[in-house]
Each structure stands twice: as structure tokens, then as C-alpha cells.
Chemist: 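Sending over a structure as C-alpha cells; questions will come in a sec.
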Amino acid sequence: MSDYIIKHTESSVILENITEFSLSQIFNCGQCFRFNPVGEHTYGGVAFSKYIEVSQHENAVILNHVTIDEFCTLWCDYFDLKTEYAEIIKSFSYDTYLTSASEFSSGLRILRQEPWETLCSFIISQNNNIPRIKGIIETLSKTYGEKVYEKDGKEYFSFPSAKTLAGVGEEAIFRLRTGFRAKYIFDAANKVSSGEIDLTQIFSMNTNDAMQYLQKICGVGPKVASCVLLFAYHKYDAFPMDVWVKKILSAHYPKGTTAEYFGPFAGIAQQCLFYYERCSCGVFLNTKKEVTL
DNA sequence: GGGCAGGTCTAAG
DNA sequence: CTTAGACCTGCC
């Protein structure tokens, strides 16, 4: 992995000989709600207020609308390209079920997403389904974000800042069909924009302290907090305990198995187990798009 | 049409 | 400390 080849033009970066990288796994494992298929083997979306398109053909990945400088300072980390996933997967060999899951999910990478957007997204995710989660995030961005790109009449928007959402008020957030989550989003926006919660500080906190800290926000419990820590801060030991993982644990592991059992990369193990389980249930095969692939 | 969705809050024991 | 219910909404 470390010896992939980087080439570039003025506005695109090409990565050759890349391994442990699958766009469909990365964007369909449920960590990210902002990228959608825009063509054959291509996903487009907005992150860090920039629109990019990413295509993959076997071991070659092309990032469009990306300069080599932006790749080095942002997208390389966004796609977690400095981490040796092959080594991590190898470290799971003590567990046969996890080995199967991680080999099946070997193209999965934990994206390094924006803390504020990730926090909001997973507040929205509670007691909700993926199509609606995506819809709400899209509406929030369209209504209160800024237009960052336009193509074929389709407009793309950044995710609104905490300050913006605090400013528009709970009622306005509720009107976007966010339901009972409106007051949670508003509380998060207030605490973050006022500095009561400093999202930057979390980078230097340990996972336990960060879990407690994030849960000061109304509507943030252990599941949402651990998703934020894993998907925005790369705290790989954060272990989101959702209904699927509970199901997996009760079906394949002894009673009382905890996150600690999975070690320092428990979060990555969780994603592999989650993806493996959901694929075997056919959850990701339900859309017409996926069936044709 | 009713149940359900990648949780969390609140009110009770 | 643990455990039910309720919760907005939209899509299967």
C-alpha cells in the first residue's frame, strides 16, 4: 500500500497500484452520507466544502477536481491512505469470524471526515434509515450551506456551519423534516459555535474522555459519540455499538464480549463486521443501481 | 397501511 | 443502575 504510484495533471490525481481500496465499500459501509454514484465506477460528492469525483478501475484510482497540493494536504488523509490496512487485517487473524469479515471487507477504509458534519450526520442517523438520513443532510446543505459546484444543472452545497445552524434556530431546522432531532441539532450547533464544546480539542483527547465530552450534547449518546470519534477523528478504538453489531455479537461471540476484545483497531473491526453482515442480508443489494453492478 | 429504521431521552422501579 | 415507551418522518 505504501508504495502506490502518484501521478497528476492540473486538476486530477491518479493513484496506481493501490491496494486495500474499494470505492463501493468505502462509500456503502454507512460511514458517509454525502457521496453518490455519478457514473460508471465513479462517485461524486462534497467534503470540506469541495466537490470531488473519484473513479476506480481495479488498482487505479482517479480523483478529479483535485490538485496535487490538495491531495497531499487533504484527500490523502481523507481516504486514510497512510494507514496500512493489510497489517490491520492481518492483526485480526486471532479470530476466525473477524478474519472472514475483514477479508470480505478488505477494500474498506475509514474516511477522515469533518468533525462538525460528522457529529450532525450521526445525530440525524438515530432511529432513522439511510435514504432519509441522506435526504435530511442534503436538504440542510441546500438550504443553509453554500454552493460549491454546479454541473449539468445540478448544484452541490457545503454542509452548513455550526454558527449558521445556531443562527437559524430550532424551528427552522424542524421545518426541514428533521423531526425530534431538530432540538438535538440545534443544541449541538449552539454548544459548538459558542465554544462550550470545542471540536478541535477532541483530536488530543483519549477515546474515553472524548466519549464523555461529546455526550454533553443533547441527543448524543454512546453510539453517536463513537461514530464521530471513529469517522472524524480516526480514533480506531472507538467501537459503535449499534443494533447490527449487537446482533453479530450475540450470534457469533460469547456472551459478554466487549469492544476491548477487538483491541486497538476495534472500530475497523466493527466496520468490517457491519459491512459483512449487511451484505449477507442483502441490505446493500436492494437498490436498482446496485443490482446492475 | 402498519412496521420499522445504524438511538437517546425520560420517567419509573 | 436497568428498563420500558415515546419520538418525527418516509419508504418498504
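Naming convention: chains lettered A, B, ... in sequence-line order (proteins, then strands); numbering from 1 in each chain.
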Chemist: Is there a donor and acceptor pair, one atom on the side chain of A:Arg181 and one on the base of C:dC7, closer than 3.5 Å?
Modeler: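 Under the 3.5 Å cut-off, the side chain and the base do not form any donor-acceptor pair.
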
Chemist: Do the side-chain N and O atoms of A:Ser105 and A:Ser102 include a donor-acceptor pair separated by under 3.5 angstrom?
Modeler: no

Chemist: Under 4.0 Å, heavy atoms only, any strand: does A:Phe274 hit a base, just the sugar-phosphate, or nothing?
Modeler: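 If one applies the 4.0 Å heavy-atom cut-off, A:Phe274 turns out to touch a base.
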
Chemist: If you assign each of A:Val224 and A:Asn128 to its closest nucleotide in DNA chain B, which residue comes earlier from the 5' end?
Modeler: A:Asn128

Chemist: B:dC4 base to A:Arg132 side chain: any donor-acceptor pair below 3.5 Å?
Modeler: no

Chemist: Give the rounded distance in Å between these two atoms: NZ of A:Lys183 and P of C:dA6.
Modeler: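 A:Lys183 atom NZ is separated from C:dA6 atom P by 15 Å.
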
Chemist: Is the shortest side-chain N to carboxylate O distance from A:Glu53 to A:Lys151 below 4.0 Å?
Modeler: yes

Chemist: Students often get this wrong, so: under 4.0 angstrom with heavy atoms, is A:Gly219 touching a base, only sugar-phosphate, or nothing?
Modeler: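 Contact class for A:Gly219: sugar-phosphate only.
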
Chemist: For A:Gln215, report the nucleic acid contact type (base, sugar-phosphate, nothing); a contact means any heavy atom under 4.0 Å.
Modeler: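 No contact.
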
Chemist: Across all strands shown, which nucleotide pairs with B:dG6 by Watson-Crick or G-U wobble geometry, both distances under 3.5 Å?
Modeler: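 Base-paired to nothing in any strand shown.
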
Chemist: Could you walk me through whether A:Phe265 and A:Phe92 pass ring pair (Phe, Tyr, Trp, His ring centres under 6.0 Å), step by step?
Modeler: CA-CA 9 Å; A:Phe265 298 107; A:Phe92 292 152; 7.3 Å; no

Chemist: Given that A:Pro131 and A:Phe180 both sit by DNA chain C, which one's nearest nucleotide is further toward the 5' end?
Modeler: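 In this pair, the answer is A:Phe180.
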
